[in-house]
Amino acid sequence: MKHRQEQNLGHDLKPFLADLSESTVDDLSRVFEDIFLEGDTGLEDLHALLNQLGPRAKEVAVTTAERLRAEGRAEEAARMLLKLLAAKFGTPPAETVHRVRSADTDELEAWMPRVLTATTLNEIFAPSRAGRRVLFRPCAARFRAAVPLVNPWQDGR
């Protein structure tokens, strides 16, 4: 069993505080990424370390934590979409797996509901209909100008 002092991040990193204080944002981000992903650091110890390192380190820690959470959400959404695709269409081809795993959260969220109605994989990954509608708006506007619309619910008098 580890002693409390051995688990204390501030204590463990004390010899490196000066170097960490002068580290680049990228270096600090990597340190915090390791702490968040690999360590079992308690919140109290993390706050103590951040207080010792100062506001720049706090900002980097928060930014790193937000990035890791977003990556985790995207990975989970990709995992779920691949599960749904496999259930509906069978094992997806390698290029589909790669496309899903490299997609951002917005793309994954757009594709997910399409699994319910799609009959092919291509329908899931096709550009959104909203995007297609934008292409035809000028044409629709010319049509409306040339052909007046009649409201069938109004009395024709």
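Residues meeting the salt bridge (charged side-chain N to carboxylate O under 4.0 Å, His left out) test with E109, sequence neighbours left out: none.
Side chain of S102 to main chain of H98: a donor-acceptor pair is present (N/O by atom type, distance under 3.5 Å, no hydrogens or angles). Panel note: side chain D27, backbone S23; no donor-acceptor pair is recorded below 3.5 Å. When atom types are taken as modelled, the side chain of S29 and the backbone of V25 share no donor-acceptor pair closer than 3.5 angstrom. Proximity of a side-chain donor or acceptor of K88 to a complementary backbone N or O of T119 within less than 3.5 Å is not detected.
For the pair D104/E107, a side-chain contact is recorded, criterion being any heavy-atom separation below 4.5 Å from C-beta on. No side-chain heavy atom of V97 sits less than 4.5 Å from a side-chain heavy atom of T91. Inter-residue side-chain proximity for L84 and L116 is flagged as unmet; no heavy-atom pair is nearer than 4.5 Å. In this structure the side chain of K83 reaches within 4.5 angstrom of the side chain of R79, judged on heavy atoms.
In this structure, NZ on K58 lies 14.0 Å from CZ on R56, to the nearest 0.5 angstrom. Atom-to-atom distance recorded for T120:OG1 and F89:CZ is 6.0 Å, nearest 0.5 angstrom. Atom CG of L49 is separated from atom NE2 of H47 by 11.0 Å, given to the nearest 0.5 angstrom. In this structure, CD on E71 lies 9.5 Å from OG1 on T105, to the nearest 0.5 angstrom. The line from CG of L85 to OG1 of T96 is 7.5 Å long, rounded to the nearest 0.5 Å.
A pairwise comparison of heavy atoms in A74 and L108 identifies O-CD1, 3.4 Å as the closest pair. A pairwise comparison of heavy atoms in P113 and A110 identifies CD-O, 3.6 Å as the closest pair. Between L28 and A57, the closest heavy-atom pair is CD1-CA, 4.3 Å. Nearest heavy atoms, E123 versus T117: OE1-O, 4.1 Å. Closest heavy-atom contact between F125 and R114: C-NH1, 4.1 Å. Of all heavy-atom pairs between I124 and W111, the closest is O-CD1, 3.2 Å.
Both F32 and F16 are part of a single hydrophobic cluster, where members link through side-chain heavy atoms under 4.5 Å apart. There is no path of hydrophobic side-chain contacts, each under 4.5 Å, that joins L53 to V62. In this structure, L37 is a member of the same hydrophobic cluster as L50, with clusters built from ILVMFWY side-chain heavy atoms closer than 4.5 Å.
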Set out, in order, the CA-CA distance, both residues' side-chain angles and the distance that settles side chain to side chain contact (heavy atoms under 4.5 Å, CB included) for T64 and I35, then state yes or no. CA-CA 10 Å; T64 302; I35 289 169; over 6 Å; no

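Around the CZ atom of R101, the shell of radius 6.0 Å holds no more than 12 heavy atoms that belong to other residues, nucleotides or ligands.
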